[in-house]
Amino acid sequence: MKILVLNSGSSSIKFKLFEDQVAIASGLVEKIGNNQSKIELKNAKTGTKLRRDTYIADHEKGLKLINELFQESGILHDLNDIDGCGHRIVHGGKNLTEHCLVDDFVLAEIDRVSAIAPLHNPAHLAGIKTMIKAAPKVPNVTVFDTAFHKTLPDYAYMYALPYDYYAEYNIRKYGFHGTSHSYVSAKAAEILGKNHNEFNAISAHLGNGASVCAIENGKSIDTSMGFTPLEGLMMGTRCGDIDPATMPFIAKARNLNPDELDAVMNKQSGLYGVCGFNDFRDIIDEIQNGNDLARLALDMYCYRLAKYIGSYFAILPHTDALIFTAGIGENASIVRKLTCERLKHLGFEIDTEKNDNANGETLISTPNSKVKIFIIPTDEELQIAKITENIISKK
Ligand code: AMP
């Protein structure tokens, strides 16, 4: 089966084409609507790349170019020839809790939920509609970041706000990165020879966005992101947990409106807010150059991460594994080391040599460690392709 996976952002389309669950091509349409827009496609078999620097006005033009580059590279005759298209959707809201085939209800719901996911859902919707137009016979499947967290109990997803806000606006914790947390935890269970539905883990997805998830018997029971992907850990440019009362204080002090406050919390905070760098590679370089604020940012990041892992260790009846994944989790050995060192007394014992030399999927705990510690590279696109294949096979 040929499955195209699309991750449509507000100014980009990330795409990957799979044939029988093996990636055969991938690429990125960037800076849509900007005169520096471009598209690049990589043929996974030959390693060859095709690139076009051209004005890409909108998602429709972007998809048209994806199709043209597929044709030019000989990978695909036409978009209509694929068996299905899987779309990554950040927020499913309260009604879209299962990955599913796209229909009018799904489109309307994604649109409705845009009010609480304005950075993501409108772009996802544009991606789906463009795909429907370009290849009307190809079934489209939506795969929600929030779906894995549908198993959160009410006492975990409720906020201690007036109940009316939940009843009227569905304000509650939804959780994100579900596709990644479910993929890496299933992979860790497989490595340990356990059934996923009898497996308990704490998964730390540490990319530009970052979240931790407590998984009991293969199901998410708590996660650090909330109503939006802002709650929880300190991230590249997002503040994560803060005292909510700081925001009205800052609004008054700096005369900021709600949108400006939102920008402060989402775009000007986190690692960037503390030290002026949001990429861990730069932060590590800066620390070596003696930058104290970069060191502070690293210490804050690992301290906060350790606190979340410790709290999930407390609520799980037992923990089989701790998993690090995504850009920082997979590559920043210093983050794994500093975090696990704080958790040693709970039975998380990291093997520093394995940690320093890890490359790809690696067990980095000592033989004595009560909790197995893994690095597992995430593959959200493969997971989306598998889910898409599964859903369209049942059609
Ligand atoms: P992601 O969102 O999963 O693509 O992760 C992106 C982030 O991973 C970047 O902003 C970096 O902070 C981090 N990252 C990627 N590669 C490395 C690396 N080799 N060492 C440290 N951090 C890295």
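Start at 1 and go down the list; that is how both ligands and their atoms are numbered. Here the structure is a predicted model, which means the values were calculated and not measured.
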> Can we say Glu72 and Arg52 salt-bridge, meaning some charged N sits less than 4.0 Å from an Asp/Glu carboxylate O?
Replying inline: yes
> Does Gly327, backbone or side chain, put an N or O under 3.5 Å from an N or O of ligand 1?
Replying inline: yes
> Less than 4.5 Å apart, any side-chain heavy atom of Ile287 and any of Leu298?
Replying inline: yes
> Any non-hydrogen protein atom below 4.0 Å of atom 4 (O) of ligand 1?
Replying inline: no
> What is the closest protein heavy atom to atom 13 (C) of ligand 1, and at what distance does it sit?
Replying inline: Ile328 CG1, 3.5 Å
> So is there a nitrogen or oxygen of His205 less than 3.5 Å from a nitrogen or oxygen in ligand 1?
Replying inline: no
> Do Glu60 and Lys129 sit within salt-bridge range, that is, some charged N less than 4.0 Å from a carboxylate O?
Replying inline: no
> Any idea which protein heavy atom is nearest atom 10 (O) of ligand 1, and the distance to it?
Replying inline: Asn208 OD1, 3.1 Å
> Among Glu380, Met235, Arg281, His177, which residue places a heavy atom closest to atom 16 (N) of ligand 1?
Replying inline: Arg281
> How close does the nearest protein non-hydrogen atom get to atom 11 (C) of ligand 1, and which residue and atom is it?
Replying inline: Asp279 OD1, 3.3 Å
>> Quick test: of every protein heavy atom, which one is nearest to atom 19 (N) of ligand 1, and how far off is it to 0.1 Å?
In response: Asn331 CB, 3.4 Å
> Between Phe313 and Phe348, does a ring-ring contact (aromatic ring centres under 6.0 Å, His included) hold up when you go through it step by step?
Replying inline: CA-CA 10 Å; Phe313 181 82; Phe348 295 78; 5.4 Å; yes
>> Within ligand 1, which atoms have a heavy atom of Gly207 less than 4.0 Å away?
In response: 1 (P), 2 (O), 3 (O), 5 (O)
>> Any carboxylate oxygen within less than 4.0 angstrom of a Lys/Arg side-chain nitrogen, looking at Asp145 and Arg88?
In response: yes
> If you measure every N/O of Phe280 against every N/O of ligand 1, is any gap under 3.5 Å?
Replying inline: yes
> Taking only heavy atoms of Ala326, which atoms of ligand 1 are found under 4.0 Å from at least one of them?
Replying inline: 3 (O)
> Between Asp351 and Lys354, is there a donor-acceptor pair closer than 3.5 Å when you use the side chain of the first and the backbone of the second?
Replying inline: yes
> Got Met235 and Ser211 here, is their nearest side-chain heavy-atom distance under 4.5 Å?
Replying inline: no
>> Looking at Lys187 and Glu190, is any side-chain nitrogen of the basic one under 4.0 Å from a carboxylate oxygen of the acidic one?
In response: no
